[in-house]
Amino acid sequence: MKSYKAPRGMRDVLPEEMPAWQRLEATAHRLARLFGYSEVRPPLMEETELFTRSVGEVTDIVEKEMFSLKKGKTSLTLRPEGTAGVVRAYCQAGYAKRDPLQRLYYCGPMWRYERPQRGRERMFTQFGVECIGSADPRLDAEAIQLACRFFEELGLTGLEVRLNSMGDGDDRDRYRDAVRGFFEPKRAELCELCQDRFERNVLRVLDCKNPSCQELAIGAPVVLDFLSEENAAHFADVQVALKSLGREPIVDPGIVRGLDYYTKTIFEIHAPAIGARSAICGGGRYDHLVRDLGGPDVPAVGFAIGFSGTLIMLEELGLMGDLKPVAPDAYVACLTGGDDDAALRREVLCVADELRAAGVSAIFDVDERSFKGQMKAIAKGGYRLAVIVGEDELARGVVQLKDLGAREQTEVPRADLASAAKGLLGG
Ligand code: HAM
């Protein structure tokens, strides 16, 4: 018989791993709200063209990595990133007219057909924020601060915040020309893909993963040298704001983001311990994307953090602690071996149900284990309470309630079980 596996680069998050994931999710939700961000949940698929237009036609994501499918005349794509969908939702909801400044966040799966490797998966989770509606450099700093806080709250240290500016408008055009001029004489030596990039989107040559292209790119013009006065001032203001928040980012002109929509500030947070592709957060400003997707001309800034890299870091630094799945509060056991075990087994289902109705989580034995076997399961399971139902107890309308921590057992009337259990649990 064929056995089935999850698709390559996609994985199951099993219950044992869930506490760590839930910690990341809870931290994301809490921090985002603390910074005034509201959750948004766009569909996991969008029209393919939305990504082509926003991420850029000549990018790895669009050229190689999208999971697309065609239904009728429509081509849909599983979102490879969250920004495009959030901006589309912002436009569709008409926020620009009624409440233009929106701080929005999301947490969920994204898909990219990448070569799976450490920290890189084909289905991965991002926590992202998008602050749409203002060009204020304090918001760039705020986004970076929020991303840093996320990692700090998890106990992660040794991270590097790398900052750059992509410029905008004329300075970007002049920079593009300079990069074209730089690569012109080396054109024939570039990889096949970069020869095409040279024609269609020369800045993407700087982002090529091919080592020989990376070598050819050494000494390429640096975008910071081309910034207009206004954009240089914006970049300086972002740095001043970050300094006043106590952050010392590394200005790294080598940062080129893999998406085309960025303008002005771009940043990445790196965990060098992960290895070559060590970015666990990437983001920046995208002042024209809303307009380019058919909305009004409103500026925006945001970032996304990858959970895979973050979890690797947590493990590497021994910060997973003893995060364990939480066992149900109570285990309902039955004292079998009497005249009517079947009746007893029916009754444990009802006892568990009474506990659940009162808010006490409970499970019961389903393996028809001996009473001794059930006691062994209780000892291993991490429960706080055991409820023992026996024939004699059933006849008298009582059960035995055992506080497994205090190792104390009391007989309680069945009608009082739920409140007694809650009392022992402290609630
Ligand atoms: P990105 O740099 O493509 O930016 O992704 C952000 C983060 O998602 C990366 O730093 C990495 O941690 C994680 N990530 C990306 N691809 C994978 C993968 N295949 N497997 C595991 N983790 C991955 C964006 O996605 C932008 N939308 C960020 C943004 C929001 N910019 C402005 N607003």
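Heads up: numbering here begins at 1 and tracks the sequence. Just so you know, ligand 1 is whichever comes first in the structure, and atom 1 is the first atom listed for that ligand. Every heavy atom of this structure was used, including side-chain atoms; hydrogens, water molecules and symmetry mates were not.
Counting atoms of ligand 1 from 1 in the listed order, those under 4.0 Å from a heavy atom of Glu114 are 16 (N), 17 (C), 18 (C), 19 (N). Shown in contact with Tyr262 at under 4.0 Å from a heavy atom are these atoms of ligand 1, numbered in order with element: 26 (C), 28 (C), 29 (C), 31 (N), 32 (C). Each of the following atoms of ligand 1 lies closer than 4.0 Å to a heavy atom of Ser308: 21 (C). Applying the 4.0 Å criterion to heavy atoms of Glu121 picks out, from ligand 1, the atoms 18 (C), 19 (N), 20 (N), 21 (C). Using a 4.0 Å cut-off to heavy atoms of Glu81, the atoms of ligand 1 that qualify are 25 (O), 26 (C), 27 (N). Atom numbering of ligand 1 starts at 1 in the shown order; those under 4.0 Å from a heavy atom of Gly283 are 31 (N).
Ligand 1 has a nitrogen or oxygen under 3.5 angstrom from a nitrogen or oxygen of Thr83. Looking at Tyr286 next to ligand 1, no N or O pair under 3.5 Å apart turns up. The shortest N or O to N or O distance between Arg122 and ligand 1 is not below 3.5 Å. The distance criterion of under 3.5 Å between nitrogen or oxygen atoms is not met by Phe124 with respect to ligand 1.
The nearest heavy-atom contact from the protein to atom 33 (N) of ligand 1 is Glu130 OE1, 2.7 Å. Scanning the protein heavy atoms around atom 9 (C) of ligand 1, the nearest turns out to be Ala279 O, 4.0 Å. Looking at atom 16 (N) of ligand 1, its nearest protein heavy atom turns out to be Arg120 NH1, 3.2 Å. In terms of protein heavy-atom proximity, atom 7 (C) of ligand 1 is closest to Ala304 O, 3.5 Å.
In this structure, of Arg257, Glu268, Arg112, the residue bringing a heavy atom nearest to atom 3 (O) of ligand 1 is Arg112. The residue among Met123, Gln126, Glu65, Arg285 with a heavy atom at the shortest distance from atom 25 (O) of ligand 1 is Gln126. Among Gly119, Cys131, Gly9, Gly302, the residue whose heavy atom lies nearest to atom 21 (C) of ligand 1 is Gly119.
Screening residues 167-214 for ring pair (Phe, Tyr, Trp, His ring centres under 6.0 Å), with sequence neighbours left out, gives Tyr175-Phe226.
The salt bridge (charged side-chain N to carboxylate O under 4.0 Å, His left out) test with Glu114 singles out one residue from Lys209, Arg8, Arg120, Arg122, and that residue is Arg120.
The shortest heavy-atom distance from Gly128 to ligand 1 is not under 4.0 Å.
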